[in-house]
Peer 1: 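Before I ask anything, here is the structure I am working with.
The sequence lines fix the lettering, A, B, ..., with proteins before strands; numbering per chain opens at 1. Keep in mind that this is a model prediction, so the values were computed, not measured.
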Amino acid sequence: MSEETRELSEGHAEEDLMAAIRENIKACMQCGTCTGSCGSAYAMDFTPRQMWRMVQLGMVDEIFNSRTFSLCSSCYYCTLRCPRGLPLTESIHGLKQLAVAKGVAEKKGARFYQTFLDTVRRYGRVREMELMARYFIAMKSPVLPLSFTPLGMKLMMKGKVSPEMPQFFRPGKLDGIFRKVKELEARS
Amino acid sequence: MKYFYYSGCSLEGTALEYDISTRAVMQALGVELIELDDWTCCGASAAEAVSELLSMVLPARNLALAARMDQDCDFVIPCSACYLNLRKVDEHLDRDEGLREKINAVLQEEELSYKGGIKSRHLLDVLATDIGAEMIKAKVNRKLSGLRIAPYYGCQALRPYGGYDDPEEPRCMEPLIEALGAEVHPWPMGAKCCGAGLMTTKKEIALELTGELLKAAKGADCIATVCPMCQMNLDSYQKKVSQVKGEDLRISVLYLPQLIGMAFGLNAEALKLDLNMAYTDSLRTKLKN
């Protein structure tokens, strides 16, 4: 991950973001419709309903020590069905942003997102093959690439992904935009 | 009929056949697609997990490119995540003046600006609403008779924005499938989640979700998809999912425009059927007869 992308996520005013999420969830009445609608809930340590209560109570450490928010696949069922009309999926995105900013998201998700955005900054578009290669390097896991090898091989044989030389030394296509976003977020 | 066309990154790589078949079908229908030469990534699901502002600016850049072209038309977007991201910009601009200013302050870096007002629409919406089953039926010259197709909509084509179909029990693909001469496989899974990006970060969960979908598709000859992420989760991990679930869950999974193209009589090369990861021999044989 480049310094540019890491700093971008650190530029957030963390407390403001958490306050904004709490404000979003203030009207939650703990009905549990979100939990009943969540395809990943079975694998969570706290259910979505429990997590929103923890947000209301400001239990920040407990929230970020749990894997609940990181298991959201953004299917928007909870948002659709919430009888209070709360922006639940959006609030999970907020929690993911905070996890990255706090550096507590030393998990696959955060690394993947940051590697992804770094290839976007560099080339403007995602180059899937390079993205996965750099994600594996960032994860420093010798076994992770193996679980993707059969798919990678199939994709290469179909000519859908091609190994391209990374271009680390020329200016990134979207450097200006990323720089400006960072600047504005640091100010707010 | 003409639209701005935003293909998105996946359609240049792993979902190349979705891009090529979409263009082929649109051409056959006489729909003009206007390209944006300098388009860039919409931020996918990565930007929103890192920075709120970036997740608005990345799609807005593409809307700004279109605004500069001075053409009065909507966007048509085949990828559900791209569709959600582009549409999100206008949804937020309308209720947040401060955000509008911030987005434009960033776009100024590239001498671009966006005031809002360009409609972002999913390919499925355009096919079902603007083009419609009748117009598609009129172009069919090789009916897909005897084929049973499970319509799969996925999440982000319908939620949170949608508006063109029921977000819980979508039906809009059914008249299109029937227009091709095929039969609809009735199943309750059309709007359920395939696990999306969890296939990369939390594989065991995505395999579970995908497994439930593939199980419910039993009895169909093919699943029809309208999203490159759904397609990949459904077609590329079938062996693994079959292992996890302890039963053979292999099934053909094709993009909706590929199925439409087949019924239009377009050949396998024009629809890039050789690029699909799950196009089974039994379906090939059935289509030949």
Peer 1: At a 4.5 Å cut-off on heavy atoms, which part of Val120(A) comes close to chain B: side chain, backbone, both, or neither?
Peer 2: side chain

Peer 1: Go through the side-chain N and O atoms of Ser51(B) and Glu185(A) and say whether any donor and acceptor fall under 3.5 Å apart.
Peer 2: yes

Peer 1: Can you name the one residue among Thr201(B), Leu198(B), Ile205(B) that meets side chain to side chain contact (heavy atoms under 4.5 Å, CB included) with Ser73(A)?
Peer 2: Leu198(B)

Peer 1: Check whether Asp38(B) gets within reach of chain A through its side chain, its backbone, both or neither, counting any heavy atom under 4.5 Å.
Peer 2: both

Peer 1: Taking Glu168(B) first and then Arg81(A), would you say they form a salt bridge - that is, a charged N and a carboxylate O separated by under 4.0 Å?
Peer 2: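 Yes, this pair counts.
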
Peer 1: Mind checking the CD-CZ spacing from Glu109(B) to Arg179(A)? Nearest 0.5 Å is all I need.
Peer 2: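 If we round to the nearest 0.5 Å, Glu109(B):CD and Arg179(A):CZ are 6.0 Å apart.
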
Peer 1: Examine whether an atom of Val57(B) lies under 4.5 Å from a heavy atom of chain A, and if so say whether it belongs to the side chain, the backbone or both; otherwise answer neither.
Peer 2: side chain

Peer 1: Check whether any side-chain heavy atom of Cys41(B) lies under 4.5 Å from a side-chain heavy atom of Phe116(A), and answer yes or no.
Peer 2: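 Side chain of Cys41(B) against side chain of Phe116(A), heavy atoms only: contact under 4.5 Å found.
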
Peer 1: As an exercise, state the distance from NZ of Lys180(A) to CG of Leu54(B), rounded to the nearest 0.5 Å.
Peer 2: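 Reported to 0.5 Å precision, the distance equals 14.5 Å.
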
Peer 1: What is the distance from atom CD of Gln156(B) to atom OG1 of Thr89(A), rounded to the nearest 0.5 Å?
Peer 2: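 Answer rounded to 0.5 Å: 9.0 Å.
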
Peer 1: Below 4.5 Å from any heavy atom of chain A, which atoms of Glu17(B) appear? Answer side chain, backbone, both or neither.
Peer 2: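 Just the side chain, heavy atoms under 4.5 Å.
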
Peer 1: Could you tell me which portion of Ser55(B) (side chain, backbone, both or neither) has an atom closer than 4.5 angstrom to a non-hydrogen atom of chain A?
Peer 2: neither

Peer 1: Side chain, backbone, both or neither: which part of Ala81(B) has a non-hydrogen atom closer than 4.5 Å to chain A?
Peer 2: neither

Peer 1: At a heavy-atom distance under 4.5 Å, which candidate from Leu155(A), Thr119(A), Ile92(A), Leu95(A) has the highest pair count against chain B?
Peer 2: Leu155(A)

Peer 1: Hey, what do you get for CZ (Arg67(A)) to NZ (Lys202(B)), rounding to the nearest 0.5 Å?
Peer 2: 6.0 Å

Peer 1: Would you say Glu48(B) and Tyr113(A) make side-chain contact, with heavy atoms under 4.5 Å?
Peer 2: no

Peer 1: Side chain, backbone, both or neither: which part of Tyr42(A) has a non-hydrogen atom closer than 4.5 Å to chain B?
Peer 2: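 Answer is side chain: those atoms of Tyr42(A) sit under 4.5 Å from chain B.
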
Peer 1: Let me know if Lys240(B) has heavy atoms under 4.5 Å from chain A in its side chain, its backbone, both or neither.
Peer 2: neither

